[in-house]
Amino acid sequence: MKKICVLSLLVIFTCGLPVLAANLQQTIQPTALGHSLSPLENVDSLKMPSVNLDEVLNEDKKRIEEGLPPRFAIPMKVQVIPGIPTLNNELPHKGSKRINDSRQVMGTWEKINEEIVVWRLRVNSPGALSLNFGFTRYIMPPKGHLFIYSPDYKHLLRPFTDQDNEEHGQLWTPIIFGDEVVIELTMPAKAINAFELELGFVNHDYKGFGRPLDKSGTCNVDVICPEGDGWRDQIRSVAVYTKGGSLSCSGALINNTAEDNTPFFLTANHCGINTSNAPSTVVYWNYETSTCGGTPDGQLNDFQTGAIFRASYPASDMTLVELDDPIDTAHNLFFSGWDRNGTNPASATAIHHPSVDEKRISIENYNLSTTSYLYSTTPGNGTHFRVADWDIGTTETGSSGSPLFDPNHRIVGQLHGGYAACGNNLADWYGKLSVSWIGGGYANTRLSDWLDPGNTGLTTLDGRNADNNANITVTDSVPPINDNSIPFGDVSVGSFSDQTVTVSNDGNANLDIYAIAQSNQLAAPFSILSYHCSGTTVNPSASCTFTVRFSPIATGTRGLIKDLVKNNMFNILITTCGTLDHDLARIWKDYYHGSFSADDRELHKK
């Protein structure tokens with residue numbers, strides 16, 4: 001006897017995409033908006049000391065002279081925790097803290113119902129143009145979320161959830177306009193012993209991040225202008241970022257030879273990112289004007305927070321970090337390519353955020369030279385490219401760390417410093433990527449380990465879109481190979497036939513395969529012999545295989561029909577009295593002893 005069979009398989013997978021902030025914001029809103037909580041004036045308040053603006057501005061002049069990254073906010077250290085609410089007490093009330101805990105318990109707890117509790121804290125820093133916060137401890141349980149908003153809800157950050165939990169255990173927030181904000185924590189009551197939240201820094205903005213009081217020079221050119229038309233992809237890779245909630249620089253997403261969407265971000269060493277403070281990095285994408293030369297109207301909505309330090313090399317002023325969350329595809333970003341040959345480009349383009357303003361573009365139409373930093377003699381120590389003067393635009397404080405592109409649209413360096421400004425024809429210097437590639441000879445001092453993880457030896461690499469898509473192709477070894485079924489042919493009872501199935505990733509994001517399973521659970525004749533795909537990650541352009549065996553066995557009609565019903569292959573059953581009825585009754589419930597006068601329906605009820 002021969003059995004001819006075709007088996008359909010179900011591959012359960014995910015492309016590893018993050019939960020997007022935009023989606024979260026659509027489904028979650030501040031608890032205070034949807035429930036009757038105590039009036040805000042009754043909520044506990046943390047009032048920060050005033051800032052001596054004259055003293056701070058004098059300090060900034062010295063910082064500029066010393067070549068330090070620009071500061072926009074004063075960090076104020078605190079140690080504030082919500083404490084633990086006493087659920088059997090009358091709410092609202094302050095939480096309690098554990099013995100020997102020196103941190104300050106502040107804020108007001110309230111109970112929405114027996115299952116949900118909410119904690120709020122008002123923070124006021126008189127005269128601040130915006131505030132941002134450093135939570136030096138952040139562990140959010142499932143179904144918990146943290147909101148930060150202005151008292152009138154006009155300014156609102158997206159909710160921070162358990163998706164924002166990181167190994168370093170910190171959370172640094174984007175800025176929110178105004179000098180008073182509300183921090184709101186909502187979570188299941190049963191999770192009050194599972195969360196950790198410590199407010200470590202309140203950062204007082206005195207310059208106007210995103211709305212600067214001191215605008216960049218008028219010679220700067222918005223990237224939306226025609227000068228940016230040939231650089232639309234590269235523009236999408238550049239961002240402004242903050243460190244420690246108080247300092248700012250520029251930087252860029254950079255591609256690697258694996259082309260696996262690893263979010264490497266290139267910036268300048270003098271901007272000060274290191275192993276300990278990398279988690280405080282907050283990157284703002286797409287901060288640009290909507291019209292050329294129009295009113296500055298850039299938005300700071302596209303952000304991500306947190307990074308991991310990877311490498312730095314002071315001689316070429318290079319720092320590389322890896323952002324600790326995947327790129328959000330909704331931000332439409334680009335991984336810029338690079339050239340590590342070190343030859344002098346015939347022209348160059350810079351994309352940057354001068355004075356923490358919206359994104360600008362600068363163009364040099366003539367040859368660059370190789371020199372030492374701040375020197376014009378060639379080749380000097382060979383660590384920097386010198387831009388003699390900009391033909392279009394300029395750079396300013398805040399542009400530090402921004403990428404320099406050659407005529408092939410590849411990064412060749414990042415801005416260290418210089419004398420260029422509107423109204424002069426002075427030079428700028430960029431640390432050479434070719435020097436940073438070798439660096440100090442160790443992984444934490446060079447780019448090669450990170451940008452060429454497979455040691456391919458490539459000297460140039462083009463950029464690519466950050467679309468995070470895996471393209472899955474499932475094929476077998478029998479034509480047609482991609483019809484999503486496996487034909488086993490004629491197989492005699494007592495023998496078997498094996499077929500190999502290949503799962504390929506033709507996209508540009510990793511494909512995480514959780515399990516391989518049969519969609520029609522007629523388990524007896526079929527078995528999966530190898531699980532080489534289950535629980536694996538298939539990189540772009542890679543594949544995995546597994547083997548399926550068909551071993552037909554003899555079975556009667558009753559057994560076949562019973563298996564079909566058991567595995568939900570039918571929606572409606574119409575039978576006549578007989579042995580098949582008894583077989584079917586045993587599928588849904590144990591069969592009990594009864595009288596000869598009882599029918600199947602009564603037995604099933606029992």
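The structure presented is a predicted model; accordingly, all values stated were derived computationally and were not measured.
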Task: Nearest-0.5 Å distance, CG of residue Leu323 to CG of residue Asp328 - done: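 Here the rounded value is 12.0 Å.
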Task: Rounded distance (nearest 0.5 Å) linking atom CD1 of Ile438 with atom OG of Ser448 - done: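 Interatomic distance, Ile438 CD1 to Ser448 OG, rounded to 0.5 Å: 8.0 Å.
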Do [X] and [Y] have side chains that approach each other closer than 4.5 Å (heavy atoms only, starting at C-beta)?
X	Y	answer
Cys422	Asn220	yes
Ile254	Leu433	yes
Phe177	Leu131	no
Phe201	Lys77	yes

Give a yes or no on whether the backbone of [Y] and the side-chain of [X] come within a donor-acceptor separation of less than 3.5 Å.
X	Y	value
Gln304	Asp325	yes
Asp406	His409	yes
Ser372	Asn381	yes
Gln104	Val78	no
Ser316	Gly431	no
Asp452	Gly457	yes
Asn505	Val538	yes
Asp391	Asn365	yes
Asp205	Ile175	no
Asn255	Asp462	yes

TODO: Would you please name every residue forming a side chain to side chain donor-acceptor pair (under 3.5 Å) with Thr537, sequence neighbours left out?
DONE: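 Testing Thr537 for side chain to side chain donor-acceptor pair (under 3.5 Å), a comparison that skips the adjacent residues, returns Asp512.
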Which atoms form the tightest heavy-atom contact between [X] and [Y], and what is the distance?
X	Y	answer
Gly293	Cys225	N-SG, 4.1 Å
Pro126	Met48	CD-O, 3.6 Å
Leu404	Ala348	CD1-CB, 3.6 Å
Ser399	Pro354	OG-CA, 3.4 Å
Glu358	Glu288	CG-C, 3.7 Å
Thr395	Trp390	CG2-NE1, 3.9 Å

Open item on the list: Does Thr289 form a side chain to side chain donor-acceptor pair (under 3.5 Å) with Asp297? I'd like the steps, not just the answer.
Closed with: CA-CA 5 Å; Thr289 58; Asp297 58 358; 5.2 Å; no
Aromatic contact, [X] with [Y] (centres under 6.0 Å):
X	Y	result
Phe147	His145	yes
Tyr430	Phe385	no
Tyr375	Trp429	no
Tyr241	Tyr287	no

Open item on the list: If you apply the rule salt bridge (Lys or Arg N to Asp or Glu O under 4.0 Å), what do you find for Glu396 with Arg360, and how did you get there?
Closed with: CA-CA 11 Å; Glu396 298 183 15; Arg360 316 293 196 212; over 6 Å; no
Task: Worked verdict on Asp60 versus Lys207 for salt bridge (Lys or Arg N to Asp or Glu O under 4.0 Å) - done: CA-CA 11 Å; Asp60 284 349; Lys207 279 193 172 179; 3.6 Å; yes
TODO: Taking only Lys NZ, Arg NE, NH1 and NH2, and the carboxylate oxygens of Asp or Glu, determine whether Arg158 and Asp164 approach each other closer than 4.0 Å.
DONE: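 Result for this pair is yes, salt bridge flagged.
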Open item on the list: We want to know whether Thr262 and Asp260 form a side-chain donor-acceptor pair, criterion being a heavy-atom distance below 3.5 angstrom.
Closed with: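 Present: a donor and an acceptor within the cut-off.
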